[in-house]
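Report on one structure; see the data block that follows.
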Amino acid sequence: MKYQIMTDILMLLLSRRKLNASEIASRHDISQRSVYRYVNELNLCGIPIEVQRGRYGGIWIADTFRLPSWYFTREEYNATVNALSAMASQVSDKSVLSALEKLQNQQKSDKREQNVCGNIIVDGGTWGDSKKFSDKMRVCETAVNEKKSLLIDYISRSGEHSKRVIDPYVLIYKQNVWYVYSFCHNKQTFRTFKIGRIKRASFTGETFVRKEITRDEINLNFYYNSVTMVDVTLEIEKATLPDAEEWLGMDNIEPRGNAFIARITAPDDGGLVNQILSYGGTVKVLDPPDLREKVRAAARKILQE
């Protein structure tokens, strides 16, 4: 009975996304304390269920969560629903009706989310994507298009964990990274959030009235505002040129003898050093000297380890 109730709670949350403990307790004739115990056990199994009091409170599952692809293939899902539908029309069995309801409530989709605009296709997934990123993209895109507020679990670059209610306005794709520009209820101002740093996202059930903003009002240099920028000159070996062109842009690279020179302005942080090291010595820093020394120090540390 315990596992049947836990399964039912999971299916209900997948279909309705948000419930309260009294609803579940009444449905199964159990105490609310038992409901919270079952929810905790589902959490221990890796199901991202949240419990919260207040205006946006209740028990809910992140809208980015989907049953794993091996749960049913699309063909298996359709065949099972058709068979149960036929059976339900012939017999009055509560178990059959319950199973059919659970399956119909869980919408299946084996296709990765893609945005199509004219002649452009944007694939929201990443290499080796287990669809978690694609699901976050889908939720953010739906929130933008349908003016739906989101409750997000966000982990900043410094590791700070916070829960925020946001009104997503627009998706931004900058330097191979996806962001969502949103009005943050917590800070009462517009902020730009990196989608890859959103751990969970759920619709609050509320919509928002979009404020009139222009493209010029959206700060597209949001990342650079928090770091020091530095002018960099790099020497690139010919074998590495194709990869370097994708990283730095072809317009920033020019030939010089048997090598190539790139001049860029980049954020002076650990990411720049790591990127240069990733080319295994085929990209060298000519200027500035302190960046060259940072790369050398990082390389020496790798050798020591």
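Numbering starts at 1 and runs along the sequence shown. Given the structure is predicted, the values throughout are model-derived calculations rather than measurements.
Residues K284 and G281 share a closest heavy-atom pair of CE-O, 3.8 Å. Of all heavy-atom pairs spanning L272 and V230, the tightest one is CD2-CG1, 4.4 Å. Taking every heavy atom of both residues into account, Q32 and S22 meet most closely at NE2-CB, 3.8 Å.
Relative orientation of the Y279 and W247 rings is parallel, given thresholds of 30° and 60° on the angle between their planes. Ring pair F190/Y181 is parallel by interplanar angle, where below 30° counts as parallel and above 60° as perpendicular.
Separating the CG atom in N186 from the CD1 atom in I166 is a distance of 10.0 Å, to the nearest 0.5 Å. Interatomic distance, CG of N252 versus CZ of R263, reported as 10.5 Å (0.5 Å rounding). In this structure, OG on S202 lies 8.5 Å from CD1 on I61, to the nearest 0.5 angstrom. Distance check: H28 NE2 to I30 CD1 gives 6.5 Å after rounding to the nearest 0.5 Å. Here the NZ-CZ distance, from K187 to R191, works out to 6.0 Å after rounding to the nearest 0.5 Å. Rounding to the nearest 0.5 Å places CG of L19 at 5.0 Å from CG of L13.
With a 4.5 Å cut-off on side-chain heavy atoms, L171 and I195 count as touching. Residues D287 and D231 have side chains not in contact (no heavy-atom distance under 4.5 Å, counting atoms from C-beta outward). Under the 4.5 Å side-chain criterion, counting only non-hydrogen atoms from C-beta, T240 is not in contact with F260. Residues I198 and D153 are not in side-chain contact: their nearest non-hydrogen atoms beyond the backbone lie 4.5 Å or more apart. Side-chain contact check for I5 versus V35: every heavy-atom pair is 4.5 Å or farther apart. Taking 4.5 Å as the limit, every side-chain heavy atom of L10 sits out of range of all side-chain heavy atoms of M6. Taking 4.5 Å as the limit, some side-chain heavy atom of W178 sits within range of a side-chain heavy atom of M137. By the 4.5 Å heavy-atom criterion applied to side chains, C140 and P168 are not counted as neighbours.
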Quiz prompt | Derivation of the side chain to side chain contact (heavy atoms under 4.5 Å, CB included) call for V139 and D135 | solution = CA-CA 6 Å; V139 169; D135 287 336; 5.7 Å; no
Practice problem: Tell me, with the steps shown, if T214 and D216 meet side-chain hydrogen bond (donor to acceptor under 3.5 Å, both in side chains). | Solution: CA-CA 5 Å; T214 64; D216 292 338; 5.0 Å; no
Exercise. Apply the test salt bridge (charged side-chain N to carboxylate O under 4.0 Å, His left out) to residues E235 and R256: give CA-CA distance (whole Å), side-chain angles for both, the deciding distance (0.1 Å), then the verdict.
Key: CA-CA 9 Å; E235 182 181 270; R256 179 185 292 180; over 6 Å; no
Practice problem: For salt bridge (charged side-chain N to carboxylate O under 4.0 Å, His left out), just list the numbers for K136 and E141, CA-CA rounded to whole Å, side-chain angles, deciding distance to a tenth of an Å, and then say yes or no. | Solution: CA-CA 9 Å; K136 287 188 285 190; E141 182 188 13; over 6 Å; no
Exercise. Could you please spell out the steps behind the side chain to side chain contact (heavy atoms under 4.5 Å, CB included) verdict for W60 and L151?
Key: CA-CA 11 Å; W60 74 90; L151 175 64; 3.2 Å; yes
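No salt bridge links E217 with K211; every basic N to acidic carboxylate O contact stays at or beyond 4.0 Å. Using a cutoff of 4.0 Å between basic side-chain nitrogens and carboxylate oxygens, E50 and K163 are scored as salt-bridged. With salt bridges taken as basic N to acidic carboxylate O contacts below 4.0 Å, none links K148 and E206.
Note on L277 and I236: same hydrophobic cluster, where clusters join Ile, Leu, Val, Met, Phe, Trp and Tyr whose side-chain heavy atoms are under 4.5 Å apart, directly or indirectly. Cluster membership for I253 and I261, using ILVMFWY side-chain heavy atoms within less than 4.5 angstrom, is not shared. Tracing side-chain contacts under 4.5 Å through hydrophobic residues (I, L, V, M, F, W, Y), one reaches Y173 starting from V180; they form part of the same cluster. Neither F193 nor I155 shares a network with the other; the hydrophobic side chains, linked directly or stepwise wherever heavy atoms of I, L, V, M, F, W or Y lie under 4.5 Å apart, form separate groups for each. A continuous path of Ile, Leu, Val, Met, Phe, Trp and Tyr side chains, each step under 4.5 Å between heavy atoms, connects I213 with F183, placing both in one hydrophobic cluster.
Among pairs with a residue in residues 29-49, those fulfilling salt bridge (Lys or Arg N to Asp or Glu O under 4.0 Å) read K2-E41, at least two apart in sequence or across chains. Pairs engaging residues 197-216 under the ring pair (Phe, Tyr, Trp, His ring centres under 6.0 Å) rule: Y169-F208 [sequence neighbours left out].
With hydrogens and angles disregarded, no donor-acceptor distance shorter than 3.5 Å links the side chain of E246 to the backbone of D243.
Counting non-hydrogen atoms of other residues, nucleotides and ligands closer than 6.0 Å to CG of D251 gives a total of 12 or fewer. With a 6.0 Å radius and a threshold of 12 heavy atoms from other residues, nucleotides or ligands, N258 has its CG atom at or below the threshold.
Looking at D167 and S149, their side chains do bring a donor and an acceptor atom within 3.5 Å of each other.
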